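Every value quoted in this text rests on a predicted model; they were computed, and no experiment measured them.
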Amino acid sequence: MNQALSGTLARWLTGPRVAGLPAPAQMPAPRLSFEFFPPKTEKLEEQLWACIRRLEPLAPRFVSVTYGAGGSTQERTHQTVARIVAETSLTPAAHLTCVGATREEVDAVARRYWEAGVRHIVALRGDPPAGASRYEPHPGGYAQAEDLVRGLKRIADFEISVGAYPETHPAALSAEADLDFLKRKIDAGATRAITQYFFDTETYLRFLDRCLAKGITVPIVPGILPVSNFQQVVKFSAMCGASVPAWMGQLFEGLEEDVETRRMVAAVVAAEQVRLLQANGVDEFHFYTLNRPDLTYAIAHILGARPRRG
């Protein structure tokens with residue numbers, strides 16, 4: 001009998017046993033939020049609103065609407081947010097940045113949001129405008145996100161979310177300096193941080209440990225990016241400082257022309273990521289939808305989210 005245990009079966013029988021992830025029924029559905037970007041064309045506007053209508057029944061805590069580099073989509077962002085307030089049951093959060101505007105101009109935008117019924121702002125430093133190689137504060141503007149947070153709190157009692165970077169912001173002097181920036185944003189009045197996307201669960205969990213050691217106790221909500229276009233994500237990740245693990249490249253290898261299989265692989269990868277985070281006690285997720293709802297909807301369903309009834 002011992003001789004028989006020398007091949008594949010022996011390896012199967014004597015190898016380590018890995019417990020499965022908890023069954024979905026064992027964990028409550030997490031709190032979800034979704035990010036959209038404002039449309040640039042009529043066709044893209046139709047795509048955005050199809051996305052919003054598809055995800056609305058899942059009753060997310062809020063939905064955020066982004067703000068282009070250098071404030072380039074300010075008016076479209078405002079129009080999208082105002083329409084969400086007027087025509088849906090969703091709670092919108094408007095992105096607001098420091099780039100290319102005076103304090104008075106930024107304050108005026110914030111007041112418009114408050115008057116439109118928006119009570120939640122995602123306050124960000126912002127990316128350099130097109131053509132600029134690095135961020136330069138506007139001479140009469142808010143220098144950094146922490147200054148923007150303080151300014152918003154002076155205007156009204158906004159709920160404020162800020163950005164966090166588990167793998168360190170690409171412009172930061174060091175990981176420790178980046179964490180100091182986050183702490184200052186929280187101390188200025190932010191109530192939540194939403195992370196840049198990441199693919200290695202351990203990266204995020206180690207970041208949580210570092211945040212707690214720094215005295216940060218607000219929720220650090222993981223930003224989740226379902227990936228269906230791998231090559232595009234590799235290019236974008238190189239600019240924003242997010243690492244793309246080798247195993248992900250292997251999963252998408254050879255699928256450049258196979259859109260449907262890429263979508264199925266993307267669903268599996270993201271679902272595994274969020275289920276592992278959920279098993280580690282994470283009960284909030286922020287999805288970067290890219291205005292394409294189907295992957296996000298499927299993953300939310302796997303997590304236990306169900307359409308709200310009537």
Side-chain angles (χ1 to χ4, degrees), residues 33-40 44-45 48-49 51-52 56 59-130 132 135-164 181-194 218-219 221 223 286 288-289 291:
S33 54
F34 305 130
E35 180 178 291
F36 308 124
F37 61 84
K40 294 181 179 178
L44 289 175
E45 181 153 359
L48 166 65
W49 282 92
C51 179
I52 289 172
E56 182 180 7
R61 293 186 72 194
F62 64 90
V63 296
S64 67
V65 181
T66 64
Y67 202 69
S72 58
T73 65
Q74 176 184 310
E75 194 55 39
R76 286 195 298 271
T77 298
H78 190 278
Q79 290 170 357
T80 301
V81 168
R83 188 176 168 191
I84 289 172
V85 171
E87 299 182 19
T88 77
S89 61
L90 297 168
T91 300
H95 284 219
L96 197 54
T97 73
C98 304
V99 177
T102 65
R103 290 185 184 87
E104 291 75 19
E105 289 167 336
V106 173
D107 291 354
V109 173
R111 289 190 182 96
R112 283 181 70 197
Y113 280 132
W114 188 267
E115 290 163 6
V118 177
R119 299 292 180 264
H120 186 172
I121 298 287
V122 180
L124 305 166
R125 188 201 73 180
D127 297 321
Y135 171 76
E136 293 286 352
H138 189 286
Y142 291 111
Q144 299 290 343
E146 66 174 293
D147 307 303
L148 176 57
V149 172
R150 287 194 193 92
L152 289 170
K153 281 296 188 182
R154 283 195 296 269
I155 291 168
D157 189 22
F158 285 108
E159 178 182 0
I160 300 176
S161 296
V162 294
F181 264 113
L182 177 58
K183 180 68 162 60
R184 292 204 293 270
K185 290 186 287 189
I186 302 302
D187 291 345
T191 53
R192 169 194 301 100
I194 300 170
V218 301
V221 181
H286 184 75
Y288 299 111
T289 71
N291 291 8

Practice problem: Could you please spell out the steps behind the side chain to side chain contact (heavy atoms under 4.5 Å, CB included) verdict for Ser64 and Phe36? | Solution: CA-CA 6 Å; Ser64 67; Phe36 308 124; over 6 Å; no

Is it the case that the side chain of [X] and the backbone of [Y] share a donor-acceptor pair, with hydrogens and angles ignored and the cut-off at 3.5 Å?
{"X": "Glu159", "Y": "Arg119", "result": "no"}
{"X": "Thr97", "Y": "Leu124", "result": "no"}
{"X": "Asn291", "Y": "Phe37", "result": "yes"}
{"X": "Glu105", "Y": "Thr102", "result": "yes"}

Quiz prompt | Asp187 and its side chain to side chain donor-acceptor pair (under 3.5 Å) partner, picked from Lys183, Lys185, Arg184 | solution =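 Going through the options one by one, the only one that passes is Lys183.
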
Is [X] salt-bridged to [Y], cutoff N-O under 4.0 Å?
{"X": "Glu45", "Y": "Arg83", "answer": "yes"}
{"X": "Glu115", "Y": "Arg111", "answer": "no"}
{"X": "Arg150", "Y": "Asp147", "answer": "yes"}

Quiz prompt | Among Ile52, Val85, Thr77, Thr80, the one residue meeting side-chain contact (heavy atoms from CB on, under 4.5 Å) with Pro92 | solution =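 Running side-chain contact (heavy atoms from CB on, under 4.5 Å) over Ile52, Val85, Thr77, Thr80 with Pro92 returns exactly one hit, Val85.
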
Quiz prompt | Val162, Val109, Leu152, Leu148 screened by side-chain contact (heavy atoms from CB on, under 4.5 Å) with Ile121, the one that passes | solution = Leu152

Rounded to the nearest 0.5 Å, how far does [atom2] of [Y] lie from [atom1] of [X]?
{"X": "Arg112", "Y": "His78", "atom1": "CZ", "atom2": "NE2", "value": "4.0 Å"}
{"X": "Phe34", "Y": "Tyr288", "atom1": "CZ", "atom2": "OH", "value": "13.5 Å"}
{"X": "Ile194", "Y": "His286", "atom1": "CD1", "atom2": "NE2", "value": "4.5 Å"}

Go through the side-chain N and O atoms of [X] and [Y] and say whether any donor and acceptor fall under 3.5 Å apart.
{"X": "Arg192", "Y": "Ser161", "result": "yes"}
{"X": "His120", "Y": "Thr91", "result": "no"}
{"X": "Thr289", "Y": "Glu35", "result": "no"}

